[in-house]
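Notes follow once the structure below has been shown.
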Amino acid sequence: LLKDGKADEALRVLNGMRTKAPQTFMNIILVQTTVAAEAAGNKAEALAAFQALADLPGGAENPYYAYKIAALRASLAGS
């Protein structure tokens, strides 16, 4: 869907998967959610997904997640 420029639709599908998928798939679902949310221009949803990634085991140590969370918070605060 993302390759076809349907970021909003991809985001809806991924959000539906978050409630149904086994925990072992959560990392990849959340990563794809961040991509879809940013492509859709939905910064709040991207921020929520990055925060959820940071909450997963090992996520708090990921500097990229911390950077994106800070950048998205700053962007939303400036909106």
Side-chain angles (χ1 to χ4, degrees):
L1 292 170
L2 285 171
K3 288 183 180 182
D4 291 336
K6 299 177 182 177
D8 289 323
E9 187 177 346
L11 191 53
R12 281 192 299 279
V13 170
L14 288 161
N15 282 332
M17 292 173 68
R18 285 173 70 175
T19 61
K20 298 173 186 163
Q23 188 64 28
T24 54
F25 293 102
M26 199 52 56
N27 188 285
I28 189 64
I29 291 170
L30 288 169
V31 168
Q32 289 300 312
T33 299
T34 66
V35 174
E38 288 190 301
N42 191 331
K43 294 177 186 177
E45 192 120 14
L47 174 59
F50 274 112
Q51 289 172 322
L53 280 167
D55 290 341
L56 291 177
E61 293 84 36
N62 189 317
Y64 180 70
Y65 298 161
Y67 163 77
K68 290 299 288 185
I69 289 168
L72 287 163
R73 281 183 179 155
S75 179
L76 286 168
S79 298

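Just the heavy atoms: all of them, side chains too, but no hydrogens, waters or symmetry mates, feed the values below.
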With a 4.5 Å heavy-atom cut-off, do Y65 and V31 have their side chains touching? yes
Taking C-beta and beyond as the side chain, do D4 and E9 meet within less than 4.5 Å on heavy atoms?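 Result no, sub-4.5 Å side-chain heavy-atom pair not found.
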Could you measure the distance from the [atom1] atom of [X] to the [atom2] atom of [Y]? Nearest 0.5 Å is fine.
| X | Y | atom1 | atom2 | answer |
| --- | --- | --- | --- | --- |
| K6 | R12 | NZ | CZ | 10.5 Å |
| M26 | D55 | CE | CG | 12.5 Å |
| N42 | T34 | CG | OG1 | 12.0 Å |
| L11 | L1 | CG | CG | 11.0 Å |
| L53 | N62 | CG | CG | 8.0 Å |

Please list, chain by chain and in numerical order, all residues satisfying salt bridge (Lys or Arg N to Asp or Glu O under 4.0 Å) with E38, sequence neighbours excluded.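 E38 satisfies salt bridge (Lys or Arg N to Asp or Glu O under 4.0 Å) with K68 only.
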So which heavy atom on [X] is nearest to which on [Y], and how close?
| X | Y | answer |
| --- | --- | --- |
| L30 | A49 | O-CB, 4.0 Å |
| A7 | A40 | CB-N, 3.6 Å |
| A36 | L14 | CB-CD1, 3.9 Å |

Mutual orientation of the aromatic rings belonging to Y64 and F50 [parallel < 30°, tilted 30-60°, perpendicular > 60°]: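 Correct class here is perpendicular.
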Is the backbone N or O of I29 less than 3.5 Å from a side-chain atom of T33, with the two atoms forming a donor-acceptor pair by type?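 Such a contact is found between T33 side chain and I29 backbone.
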